[in-house]
**Q** 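Here you go, one structure.
Residues take their numbers from the sequence shown, with the count starting at 1.
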Amino acid sequence: MGPENVTRCPVCDGTQINDLLRIDAAPVLCNVLWPEERQARSARHGPLGVAYCEACAHVFNKEHDPDLADYGTAYDNSLHYSPLFNDYARRLSQRLVDRYDLRGKRIVEIGCGKGDFLRMLCEAGGNFGYGCSTAALSLTACKRATPLR
């Protein structure tokens, strides 16, 4: 498939795209815990082209190459091992439930990872959750995490 190198915003299709940062070889996956330093140093790299859309303020990697990202079982994007992050996520989920009256609803989270935040939203409001993620490990975890009642 190769890098996208987009010239239009993927959110609003705007054409006023400003380049913010370019790195020729950035690590593709930042959340893999490699068993050995040698493996970490030889991990896949790809171009990073951070861009900003003037029309909708979306910030994105305009050189994203989906073929480089292998979301296998070693990938873990979760921050829920951190007590500080868990406190933040619980307060955020409760604030969302209260502000948008998310009680007894069906909640869909795209890119849910292991479903930790979705689980919090469901528990806080007695909701039913559906989650999906491209990570193989995450898909298994989301299926276990939902339905959440």
**Q** Is there a side-chain contact between E54 and N18 (heavy atoms, below 4.5 Å)?
**A**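 E54 vs N18: side chains touch.
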**Q** If you compare all heavy atoms of P27 against all heavy atoms of H45, which two are closest, and at what distance to 0.1 Å?
**A**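 Taking every non-hydrogen atom into account, N-CD2, 3.5 Å.
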**Q** Decide whether M120 and L84 are clustered together by the hydrophobic rule: side chain heavy atoms of Ile, Leu, Val, Met, Phe, Trp, Tyr closer than 4.5 Å, transitively.
**A**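 Different clusters.
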**Q** Stepwise, does the side-chain contact (heavy atoms from CB on, under 4.5 Å) test hold for I107 with L118?
**A** CA-CA 8 Å; I107 308 271; L118 178 59; 3.7 Å; yes
**Q** Hey, are the side chains of C53 and Q16 touching, using non-hydrogen atoms and a 4.5 Å cut-off?
**A**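 No; the side chains remain at least 4.5 Å from each other.
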**Q** Check whether any side-chain heavy atom of C122 sits under 4.5 Å from a side-chain heavy atom of F128, and report yes or no.
**A**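 They are not in contact (no side-chain heavy atoms under 4.5 Å apart), so the answer is no.
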**Q** Do V11 and V50 sit in the same hydrophobic cluster, where Ile, Leu, Val, Met, Phe, Trp and Tyr count as joined when their side-chain heavy atoms come under 4.5 Å apart?
**A**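 The answer is no; the residues belong to distinct hydrophobic clusters.
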**Q** Could you check if a side-chain atom of Q94 sits within less than 4.5 angstrom of a side-chain atom of R91, using non-hydrogen atoms only?
**A**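 Side chain of Q94 against side chain of R91, heavy atoms only: no contact under 4.5 Å found.
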**Q** Using the rule that two of Ile, Leu, Val, Met, Phe, Trp, Tyr join whenever any of their side-chain heavy atoms come within less than 4.5 Å, decide whether F60 and L20 are in one cluster.
**A**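 Each belongs to a different hydrophobic cluster.
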**Q** Is any side-chain heavy atom of Y130 closer than 4.5 Å to a side-chain heavy atom of R106?
**A**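 The answer is yes; the side chains approach within 4.5 Å.
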**Q** Applying the 4.5 Å side-chain criterion to the ILVMFWY set and letting contacts propagate, would I17 and Y52 be lumped into a single cluster?
**A**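 Hydrophobic grouping puts I17 apart from Y52.
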**Q** Contact between C12 and H58 at the side-chain level, heavy atoms closer than 4.5 Å - yes or no?
**A**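 No, side chains not in contact.
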**Q** Using the six-membered ring wherever Trp is involved, compare the ring planes of F85 and Y88 and label them parallel, tilted or perpendicular (cut-offs 30° and 60°).
**A**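 F85 vs Y88 ring planes: tilted.
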**Q** Take K62 and D19 through the test side-chain contact (heavy atoms from CB on, under 4.5 Å) and record every step on the way to the result.
**A** CA-CA 9 Å; K62 74 177 200 174; D19 293 334; 2.8 Å; yes
**Q** Please indicate whether R8 has more than 12 foreign heavy atoms, meaning atoms of other residues, nucleotides or ligands, lying under 6.0 Å from its CZ.
**A**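 Correct, the count exceeds 12.
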**Q** Between L92 and L102, is there a shared hydrophobic cluster once you connect ILVMFWY residues whose side-chain heavy atoms come closer than 4.5 Å?
**A**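 Yes, it is one cluster - the side chains of L92 and L102 are joined through contacts under 4.5 Å.
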**Q** To the nearest 0.5 Å, how far apart are OG in S93 and CG in N127?
**A**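 Here the interatomic distance stands at 10.0 Å.
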**Q** Taking atom CG of L29 and atom CG of L68, what is their separation to the nearest 0.5 Å?
**A**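 If I round to the nearest 0.5 Å, the distance is 9.0 Å.
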**Q** For the atom pair CG (L121) and CZ (R90), what is the distance rounded to the nearest 0.5 Å?
**A**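 These two atoms lie 12.0 Å from each other.
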**Q** Charged N to carboxylate O under 4.0 angstrom, R95 versus D98?
**A**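 No salt bridge links R95 with D98.
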**Q** Looking at every heavy atom in both V97 and A124, which two are closest together, and how far apart are they?
**A**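 Of all heavy-atom pairs spanning V97 and A124, the closest is CG2-CB, 3.9 Å.
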